[in-house]
Amino acid sequence: MSVIDELKSAIKAKLSELDLVIGWGPGFDPLHATPLFMRCEKDVDKLLWGPLNVHNPATYLPGLKGKKVGVVVKGCDSRSVIELLQEKLVKREELVIFGAPCAGVIDMGKVRRALGDLDKVNAVSIEGDNVVVTAGGKQHTLPLAEVAADKCGRCRYHNALISDVFVGEHLPPSVEQDDYADVEAFESQSLEERNAYWKREMQRCIRCYACRNACPLCVCRDHCIAQSRDPHWIGQGDNVGDKWMFQMIHAQHLAGRCTECGECQRACPVGIPLLALKRKLNKEIKELFDYEAGVDPNACPPLQSFKVEEEHINERGW
Amino acid sequence: MPASAGSELRIVGFLCNWCSYGGADTAGVGRFTQPTDLRIIRVPCSGRIDPLFVVKALMGGADGVLVSGCHPRDCHYSQGNFYARRRLEVLKRFLPTLGIDPKRFEYTWVSASEGQRWQSVVTKFTEQIHALGPAPNQCRSAQAPQEAERSAG
């Protein structure tokens, strides 16, 4: 039995005890899967599994607190679930987690570059390690390794780290250790270059807050300080400072919590490389506290705790 | 460095009520010479300092930000500065990625009796900021500097 059939039968077996199960279903075209909320067996038949499942279904969990929810997760999604459990933003007894191994998801930007545009997609099929896209009457065979999201190339958690039901064979990690080479490459530039880079990128921001809404750990939602008038953290202007400040709020509020699922960057309609900010923070947190978010459900995020004697912080201060 | 010696820069200081604010007061009562660039914001505890306060100040045009609290293990609330220490260290390491010189932000520990230490901290930090010069404007876009200058002027 294939992974998808196993998943479907596992979900159907549990469906009667659950209010709903979140997974992925067909979107507006064959290339775009969309989050699917399954309440009956007919819904479960629409379930998709594969490289098109780019969304992180853990995003919906804090909003469904109090309901008994099933959730289908990839490896990175499961880390978000763990982080939510760690912070007690969801309850373990209210969750049923269906896990499966994920070999990587596609990056729509890379597919767009390969195809020219994404408007005429007629059919998509997965054949081995290739994604075959038929668009405008032409067939494109795209190796998954080439169109996969950057996060998948350095993924060490292809299999769900936490699950009640796991189907399929476990996959080995893509790399042994994440060396944060991208962060170091960016930091080889001068301070002025880095400053100009972010100003140029942030200038494009349209403040749609898609990055925030897609983030599984941005849980304040309507109480986000970005929209508060008192205190007035950011104004309504369209200068780069206000936009950048919003991203600082997002990044700082995720310090030590971000599981690098990359939803902020994926959801960004103008393609700002937002994950770079969070990866920088994660790199420093790994160095300072030897901590990785969303791996151990019993761990406490480092910025919500302290040690009297810090090993990697200079006690004398500056 | 007295104000008359040259142009002042904007330095924001977040000082905890129990130690560093007292330390600065001690320095004042002791009539120690101090640079006048620092604008002090008094906070109940260094643990009250959200790293975003610092980011906001730097984005908003401060040339430097100094945070000072009670020495670790001497906190009035027993653990506020331990949390602060972690957050501020992470922030300090984060700033270079934004293209902001990490020397524009420092955090330190000064107790209420350390007037002398306060004097040396504030003098050293002010000199460091003066060596870096005024901070680049973070609110102005990279593409249209002239336009922003016109509207500002």
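Only heavy atoms go into these numbers, but all of them, side chains included; no hydrogens, no water, no symmetry mates. So you know, we letter chains A, B, ... as the sequences are listed, proteins then strands, and number each from 1.
Between T97(B) and L281(A) there is no side-chain heavy-atom pair separated by less than 4.5 Å. Between M245(A) and L52(B), some side-chain heavy-atom pair lies under the 4.5 Å cut-off. Contact of the L191(A) side chain with the I100(B) side chain is not registered, since no non-hydrogen atoms from C-beta on lie closer than 4.5 Å.
Here CG of L277(A) is found 4.5 Å from CZ of F94(B). Values are rounded to the nearest 0.5 Å. A distance of 5.0 Å separates CD in E89(B) from CD1 in I313(A), rounded to the nearest 0.5 Å. Remark: K199(A) NZ to C139(B) SG distance equals 8.5 Å, nearest 0.5 Å. Atom CD of Q138(B) and atom CE of M202(A) lie 11.5 Å apart (nearest 0.5 Å).
L303(A) touches chain B through backbone and side chain together, each having a heavy atom under 4.5 Å away. Neither the backbone nor the side chain of A276(A) comes within contact range of chain B; no heavy atoms are under 4.5 Å apart. With a 4.5 Å cut-off on non-hydrogen atoms, I225(A) touches chain B through its side chain but not through its backbone. Contact annotation for F53(B): both backbone and side-chain heavy atoms come within less than 4.5 Å of a heavy atom of chain A. Contacts between K283(A) and chain B at a heavy-atom distance below 4.5 Å are absent for every atom of the residue. Heavy atoms of E310(A) lying under 4.5 Å from chain B belong to its backbone as well as its side chain. Residue contact with chain B, scored on non-hydrogen atoms closer than 4.5 Å, involves the side chain of E287(A) exclusively. When heavy atoms are compared at a cutoff of 4.5 Å, S305(A) approaches chain B by way of both its backbone and its side chain. For H312(A), the part lying near chain B is the backbone, with the side chain staying farther off; criterion is any non-hydrogen pair under 4.5 Å.
Residue K91(A) qualifies as open at atom NZ: its count of foreign heavy atoms under 6.0 Å is 12 or below.
Using the six-membered ring where Trp is involved, F82(B) and F306(A) have ring planes that are parallel, under 30° apart on the 30 and 60° scheme.
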Should Q252(A) and L91(B) be marked as a side-chain contact (heavy atoms from CB on, under 4.5 Å) after you check the CA-CA gap, both sets of side-chain angles, and the distance that decides it? CA-CA 8 Å; Q252(A) 287 296 326; L91(B) 176 72; 3.5 Å; yes
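Between the side chain of K280(A) and the backbone N or O of R93(B), at least one donor-acceptor pair lies under 3.5 Å. Between the R85(B) side chain and the V308(A) main chain, a donor and an acceptor come within less than 3.5 Å of each other. Although no hydrogens or angles enter the test, the distance criterion places a donor-acceptor pair under 3.5 Å between the side chain of N195(A) and the main chain of L98(B).
For chain A, the option among P136(B), P96(B), P72(B) with the highest count of heavy-atom pairs below 4.5 Å is P96(B).
Salt-bridge check for E284(A) with K92(B): failed, with every basic side-chain N at 4.0 Å or more from each acidic carboxylate O.
Relative to the ring axis of F289(A), R86(B) places its NZ or CZ within 45° and under 6.0 Å from the centre.
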